[in-house]
Participant: 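After the structure tokens below, expect a handful of questions from me.
Every value quoted in this text rests on a predicted model; they were computed, and no experiment measured them. In listed order, ligands and their atoms are each counted from 1. Basis for what follows: all heavy atoms, side chains included, without hydrogens, waters or symmetry-related copies.
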Amino acid sequence: MSLTHDQIIEHLQQIVGADRVVTDARTLQLNSVDNFRKLQNIFDVHTLPSPVAIVQVRTTAEAAAVLAFADAHRVNVVSKTGGTATEGGLEIHDDNSIVLDGGTMREIISIDPYNMQATVQCGVPLQELEDRVREHGLTTGHSPQSKPIASMGGLVATRSIGQFSTLYGGIEDMVVGCEVVFPGGKVARIKNVPRRAAGPDIRHIVIGNEGALCFISEVTVKLFPYMPENHVFLGWTLPRMTTGFEALREVMVAGYKPSVARLYDFEDGQLHFSHFAEPDECVLLFMAEGNAGITKATAEGIRELVAKYPECTPVDPTLIEEWFNDLVWGPDKVLREDERIRTTRNVNRTTEISADWSSINDIYEAVIPRIRAEINGITLLGGHSSHSYINGTNMYFNYFFDLIDCEPQEETEKYYLPIISIIVEETLRFGGSIVHHHGIGKARAPWVREEYGTSFPMLEALKHAFDPNGIMNMGTVIPR
Ligand SMILES: Cc1cc2nc3c(=O)[nH]c(=O)nc-3n(C[C@H](O)[C@H](O)[C@H](O)COP(=O)(O)OP(=O)(O)OC[C@H]3O[C@@H](n4cnc5c(N)ncnc54)[C@H](O)[C@@H]3O)c2cc1C
């Protein structure tokens, strides 16, 4: 027989102490959604069940005890660290849910400049780790725009990626080892070694699991030398996205590793570059970093390659540097944006996908006119490529719309999901991936079967093996 809410709270209090089990109704309500249904918090119109409690753990042992309890009594567990999720991974869909809050596990356990790695508890915000390693002249190389708030557990759980990915890679290239807790309370540690060929790389069962398989308690990541004195910024305006994709591709295929490589279409570009780009111009930009010789060669090589495209007009590099210095989203910027939405009822949303070089422009050209034709109230629609690889790139669609004949709590169903559907349909049609870096969450879980195709049973098998009672973030990654 399932426990009552009071009994669940009582058990949790016995594990961590009453002061770390949050039960006040307002906080619980705010934790029923994440950024996927952020209008519910902005306009205070909640439609989903609240969690029974938020349990703030400080140690792996406490997390293990909570997961043992939850598994024994079939209580759904939504793991959380920074709370910046954008895809509904933190949404509560089941009345019998608790939030396992690792945001209180905030110890930087070690910084090892000799072996170039750092070990942290899951709740350490990336910015805090970055500031600490900078004192040693080092960097994590990870810089998602949410880095002041997003924390190491969540960053690993979502397979996040940062602005400097073309040089340092995504989080999957940075994680050396980790410690995780499975439902039932079993703790597993994946040791820290530079590489091993002892069977499959089981780090990848943890990275990107979105709290659907295990709770990530500790993470070890690589460190890199930080040499800001060598940073070089490069930028061009250009008339067409196709030219930009070609130039980006050539840079990647030639083997250059700029830390930033981006291509903005004209409408998205106007949000950042209207002081130098005309309203019908795209913007191509790069940043090179690292030691002096590599940086110089990278910048020279890119300049040479882009010079082959006479329609690309160089931009003063200080303008690119200024843009770069204002990229990160801290709590102030988030609050300002929430206030803008509250007062204007004009909503900004994004969706990111990836595809190979042959398909990316086709997807872009298929998606943009469909959204314009099928969705009412669009006030801005564009996109940019911000993470490139030798075999392809991503597209980050950025769109604003007015809520027309739509209450804020209906926004997800009336606007966001129909737009995501168009992007997903076109991406799947051209063979791309429906998620480049935000995770599947509950938002894109309905398409996960098509995303995986014949490999979907492998994903299902992992879920059954590691979470046989289905208590880990129900409906996330795999739909209910
Ligand atoms: C303004 C803004 C900018 C952003 N920019 C970027 C960007 O540049 N790049 C990028 O990749 N993403 C970006 N994101 C998305 C988001 O920041 C990332 O997905 C981030 O990795 C989430 O980390 P978090 O600590 O906030 O996790 P949370 O929001 O707490 O959780 C995210 C997901 O991970 C699970 N989870 C959290 N902690 C754990 C844990 N310890 N163990 C197991 N599962 C866990 C949760 O259940 C949830 O499904 C942005 C979001 C915002 C709001």
Participant: Does Arg342 form a salt bridge (Lys or Arg N to Asp or Glu O under 4.0 Å) with Glu339? I'd like the steps, not just the answer.
Facilitator: CA-CA 5 Å; Arg342 197 177 296 114; Glu339 186 54 25; 2.3 Å; yes

Participant: Does any donor atom in the side chain of Arg340 or Asn346 lie under 3.5 Å from an acceptor atom in the other side chain?
Facilitator: yes

Participant: Out of Ser79, Gly211, Gly89, Gly88, who is nearest to atom 46 (C) of ligand 1 when you count heavy atoms only?
Facilitator: Ser79

Participant: If we only count N/O pairs under 3.5 Å, is Ile216 in contact with ligand 1?
Facilitator: yes

Participant: Which of the numbered atoms in ligand 1 are below 4.0 angstrom from a heavy atom of Leu90?
Facilitator: 29 (O), 31 (O), 46 (C), 47 (O), 48 (C)

Participant: Can you sort out which atoms of ligand 1 are near Asn473, meaning under 4.0 Å from one of its heavy atoms?
Facilitator: 47 (O), 49 (O)

Participant: Heavy atoms only: which of Thr84, Asp34, Val57 lies closest to atom 22 (C) of ligand 1?
Facilitator: Thr84

Participant: Any chance the side chains of Glu352 and His438 put a donor and an acceptor closer than 3.5 Å?
Facilitator: yes

Participant: Mark up the atoms of ligand 1 that fall under 4.0 Å of a heavy atom belonging to Thr158, in ascending order.
Facilitator: 18 (C), 19 (O), 20 (C), 21 (O), 32 (C), 33 (C), 34 (O)

Participant: Of the protein's non-hydrogen atoms, which lies at the shortest distance from atom 27 (O) of ligand 1, and what is that distance?
Facilitator: Gly154 CA, 3.4 Å

Participant: What part of Cys214, side chain, backbone, both or neither, has a heavy atom within less than 4.0 angstrom of ligand 1?
Facilitator: backbone

Participant: Can any side-chain N or O of Arg106 pair as donor or acceptor with the backbone N or O of Arg58 at less than 3.5 Å?
Facilitator: no

Participant: Give a yes/no verdict on a cation-pi contact between Arg134 and Tyr226, requiring under 6.0 Å between NZ or CZ and the six-membered ring centre and an angle within 45° of the axis.
Facilitator: yes

Participant: Taking Asp44 first and then Arg26, would you say they form a salt bridge - that is, a charged N and a carboxylate O separated by under 4.0 Å?
Facilitator: yes

Participant: Just jot down the ligand 1 atoms closer than 4.0 angstrom to any heavy atom of Asn35, in number order.
Facilitator: 53 (C)

Participant: Taking both backbone and side-chain atoms of Thr81, is any N or O found less than 3.5 Å from an N or O belonging to ligand 1?
Facilitator: yes

Participant: Do Asp71 and Asn469 have side-chain N/O donor and acceptor atoms under 3.5 Å apart?
Facilitator: yes

Participant: Ring centres under 6.0 Å, that's the criterion: do Phe286 and Tyr256 meet it?
Facilitator: no

Participant: Heavy-atom distances under 4.0 Å are what count here, so tell me which part of Trp329 touches ligand 1: side chain, backbone, both or neither.
Facilitator: side chain

Participant: What I want to know is whether Gly82 and ligand 1 share at least one N or O pair that is separated by under 3.5 angstrom.
Facilitator: yes

Participant: What protein heavy atom sits nearest atom 7 (C) of ligand 1, and how far off is it?
Facilitator: Pro144 CB, 3.4 Å

Participant: Would you say Ala85 and ligand 1 have an N/O pair spaced under 3.5 Å apart?
Facilitator: yes

Participant: Tell me the nearest of Gly123, Gly102, Pro125, Ala157 to atom 34 (O) of ligand 1, using heavy-atom distances.
Facilitator: Ala157

Participant: List ligand 1 atoms under 4.0 Å from Ser160, heavy atoms only on the residue side.
Facilitator: 11 (O), 21 (O)

Participant: Based purely on interatomic distance, does Ser146 place a nitrogen or oxygen under 3.5 Å from a nitrogen or oxygen of ligand 1?
Facilitator: yes

Participant: Pairing donors with acceptors under 3.5 angstrom, does anything connect the side chains of Glu267 and Tyr399?
Facilitator: no

Participant: So, Asp101 side chain and Ile54 main chain: donor-acceptor pair closer than 3.5 Å or not?
Facilitator: no

Participant: Tell me if a side-chain donor or acceptor on Lys414 pairs with a main-chain N or O of Cys406 at a distance below 3.5 Å.
Facilitator: no

Participant: Please determine if Ile161 has a nitrogen or oxygen closer than 3.5 Å to a nitrogen or oxygen of ligand 1.
Facilitator: yes

Participant: After noting the C-alpha distance and the side-chain angles of Arg189 and Glu218, does the key distance pass the salt bridge (Lys or Arg N to Asp or Glu O under 4.0 Å) rule?
Facilitator: CA-CA 9 Å; Arg189 178 170 284 282; Glu218 255 181 52; 2.8 Å; yes

Participant: So if I count the atoms of ligand 1 from 1 in the order they appear, which ones are less than 4.0 Å from some heavy atom of Phe215?
Facilitator: 40 (C), 41 (N), 42 (N), 43 (C)

Participant: Please list, in number order, the atoms of ligand 1 under 4.0 Å from a heavy atom of Leu155.
Facilitator: 20 (C), 21 (O), 23 (O)

Participant: Is the gap between the ring centers of Phe164 and Phe324 under 6.0 Å?
Facilitator: yes

Participant: Under a 3.5 Å threshold, yes or no: a donor from one side chain and an acceptor from the other, between Thr220 and Gln117?
Facilitator: no

Participant: Compute the shortest N/O to N/O distance between Gly83 and ligand 1 and return yes if it is under 3.5 Å, no if not.
Facilitator: yes

Participant: Does Thr476, backbone or side chain, put an N or O under 3.5 Å from an N or O of ligand 1?
Facilitator: no

Participant: Assess, by modelled atom type and distance only, whether the side chains of Thr60 and Glu179 contain a donor and an acceptor separated by less than 3.5 Å.
Facilitator: yes

Participant: Within the structure, is a non-hydrogen atom of Gly439 found at a distance of less than 4.0 Å from ligand 1?
Facilitator: no

Participant: Hey, which atoms in ligand 1 end up nearer than 4.0 Å to a heavy atom of Ser151?
Facilitator: 24 (P), 25 (O)

Participant: Quick test of your reading of the structure: of Gln145, His438, Met472, whose heavy atom lies closest to atom 13 (C) of ligand 1?
Facilitator: His438

